Amino acid sequence: MHKALDALLDLLDLEQIEEDIFRGVSRSAIIPRVFGGQVAAQALVAAGRTVPEDRLAHSLHAYFLRAGDPGAPIVYTVDRIRDGRSFTTRRVVAVQHGQPVFHLSASFQTYEEGLEHQAPMPPAPDPETLPTAAEMLPRYADHFLDPGVVDRMLEARAAVDLRYVDAPPYGSIGEPREPRSQVWFRTNGKLADDPLLHVCLATYVSDMTLLDSVLLAHGRGGWATGDVVGASLDHAMWFHRPFRADEWLLYDQESPSASGGRGLGQARIYTQDGRLAISVIQEGVVRVPR
């Protein structure tokens, strides 16, 4: 297993300090605050630890309340809202320095047969034909305010093989494009068969690129180029069908709207054989510096 993936799995293996109370730590991030995907994934781990194994996560809804401090532990308190015959609901509050920094509600369901349909998978090239992050990022080093960002991004994302189909926002600064973006991703190594683990890792990755399409619509490069400032506000995911995070997943993203200093991203995540696995929606602060 890749060392970075091993470290990420350790990060998601929360310490239980009391019944329904867990503690997690943070890893170094590209910017001096806790990465939103990390706290979302850890909160889902905490919720899942209190749910029977035969009930799988089918949705989460979350709010990012404050910037997390990467130098301090995060305490996750789980509230057992409901245990029904088919569905289980959990609420998780993440606390640092005595204040809530993140809130998540998650629902879990026993397996059921039911009606089936899905939106078709859009066209996308074979992920193996696309450049890796290590091949792509150095091309844009002179676009960033701090050239050291390239090394930090590669380190922060080393556990995941993430490949852009087209140039990322910082690769087309000043050139507004259709507000759509596609990336392929999978973990850099095989994972255990625990379905919760795969859901949590997809949650972790889902916060990496979802607002890219907002930036593309306006020809903005992103926080690392200095032409916008931003942060995640809320995040919602629906898990439709089984998938593995260690196999290629297509993250098809678009932005239907930006207004009031906020931008909305929505996406679908497909398995390589075309099954719709996850739907995602996120809103974030996207401001132009004065």
Side-chain angles (χ1 to χ4, degrees), residues 4-5 7-18 20-51 57 59-79 81 89-108 152-153 155-160 162 185 187 196-211 223 229-239 245 251 265 267 269 278 280-285:
L5 178 57
L8 177 55
L9 296 179
D10 286 343
L11 195 74
L12 298 181
D13 188 15
L14 303 180
E15 175 191 4
Q16 183 165 0
I17 57 177
E18 184 53 87
D20 299 341
I21 303 176
F22 303 84
R23 179 163 52 206
V25 297
S26 298
R27 61 182 296 174
S28 58
I30 306 171
I31 51 179
R33 62 175 183 243
V34 176
F35 170 52
Q38 175 204 303
V39 69
Q42 287 181 330
L44 189 57
V45 168
R49 293 270 181 91
T50 70
V51 174
S59 70
L60 66 83
H61 302 262
Y63 281 92
F64 298 91
L65 306 176
R66 293 177 175 85
D69 175 3
I74 307 173
V75 174
Y76 297 91
T77 302
V78 181
D79 189 358
I81 298 296
T89 307
R90 295 291 184 261
R91 180 172 58 201
V92 183
V93 178
V95 175
Q96 276 190 317
H97 306 302
Q99 293 186 311
V101 297
F102 179 82
H103 172 274
L104 174 138
S105 293
S107 184
F108 301 77
R152 294 202 298 277
M153 289 178 74
E155 180 182 1
R157 298 181 176 182
V160 179
L162 190 149
F185 72 88
T187 58
L196 179 64
L197 179 62
H198 292 262
V199 165
C200 290
L201 282 161
T203 300
Y204 178 87
V205 178
S206 70
D207 190 41
M208 288 183 175
T209 63
L210 186 49
L211 297 181
W223 63 269
V229 294
S232 301
L233 287 172
D234 59 2
H235 199 84
M237 302 179 74
W238 293 264
F239 305 100
Y251 201 2
I269 298 178
I278 311 169
V280 193
I281 296 180
Q282 182 183 70
E283 189 173 46
V285 172

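All values reported here derive from a predicted model rather than from experimental measurement.
You'll find the side chain of Thr50 stays beyond 4.5 Å of the side chain of Phe108, heavy atoms only. A 4.5 Å side-chain heavy-atom check between Gln38 and Tyr204 finds at least one atom pair inside the cut-off. Looking only at side-chain heavy atoms (C-beta outward), Leu201 and Leu8 come within less than 4.5 Å of each other. The shortest distance between side-chain heavy atoms of Val45 and Leu196 does not fall below 4.5 Å. For the pair Leu197 and Leu9, the minimum side-chain heavy-atom distance is below 4.5 Å. Contact annotation: the side chain of Ile278 never approaches that of Tyr251 to less than 4.5 Å [non-hydrogen atoms, C-beta and beyond].
For Asp13, the salt bridge (Lys or Arg N to Asp or Glu O under 4.0 Å) test picks out Arg49, with sequence neighbours left out. With sequence neighbours excluded, the residues that form a ring pair (Phe, Tyr, Trp, His ring centres under 6.0 Å) with Phe64 are Phe102. In this view, Glu283 and Arg262 satisfy the side chain to side chain donor-acceptor pair (under 3.5 Å) rule, not counting sequence neighbours. Listed by chain and number, the residues in a side chain to side chain contact (heavy atoms under 4.5 Å, CB included) with Val25 are Leu11 (sequence neighbours excluded). Looking at residues two or more places apart in sequence or on another chain, you find a side chain to side chain donor-acceptor pair (under 3.5 Å) between His235 and Ser206, Gln282.
Closest of all the heavy-atom pairs between Ala43 and Val92 is O-CG2, 3.7 Å. Heavy atoms only, all atoms of each residue included: Leu210 and Ala267 are closest at CD1-CB, 3.6 Å. The nearest pair of heavy atoms linking Gly24 to Leu14 is CA-CD2, 3.7 Å. The shortest non-hydrogen separation linking Leu104 to Ala40 is CD1-O, 4.1 Å. Of all heavy-atom pairs between Ala57 and Val199, the closest is CB-CG1, 4.1 Å. Smallest separation of non-hydrogen atoms from Pro70 and Ser26: O-CB, 3.6 Å.
With rounding to the nearest 0.5 angstrom, the CZ atom of Arg33 is 15.0 Å from the CZ atom of Arg66. With values rounded to the nearest 0.5 angstrom, Gln16 atom CD is found 8.0 Å from Glu18 atom CD. A distance of 6.5 Å separates CG of Leu162 from CE of Met208, quoted to the nearest 0.5 Å. The distance from the CG atom of Leu233 to the CG atom of Leu65 is 10.0 Å, given to the nearest 0.5 Å.
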For a quick test of your reading: what N or O donor-acceptor pairs under 3.5 Å do the side chains of residues 71-79 make, sequence neighbours left out?
residue : atom : partner : partner atom : Å
Tyr76   : OH   : Gln42   : OE1          : 2.5
Asp79   : OD2  : Arg91   : NH2          : 2.5

Next on the checklist: Show, in sequence, the C-alpha distance, side-chain angles and deciding distance for Val101 and Asp69, and conclude whether the side chain to side chain contact (heavy atoms under 4.5 Å, CB included) test is met.
Outcome noted: CA-CA 9 Å; Val101 297; Asp69 175 3; over 6 Å; no
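In this structure, the side chain of His198 engages the main chain of Ala245 through a donor-acceptor pair within 3.5 Å.
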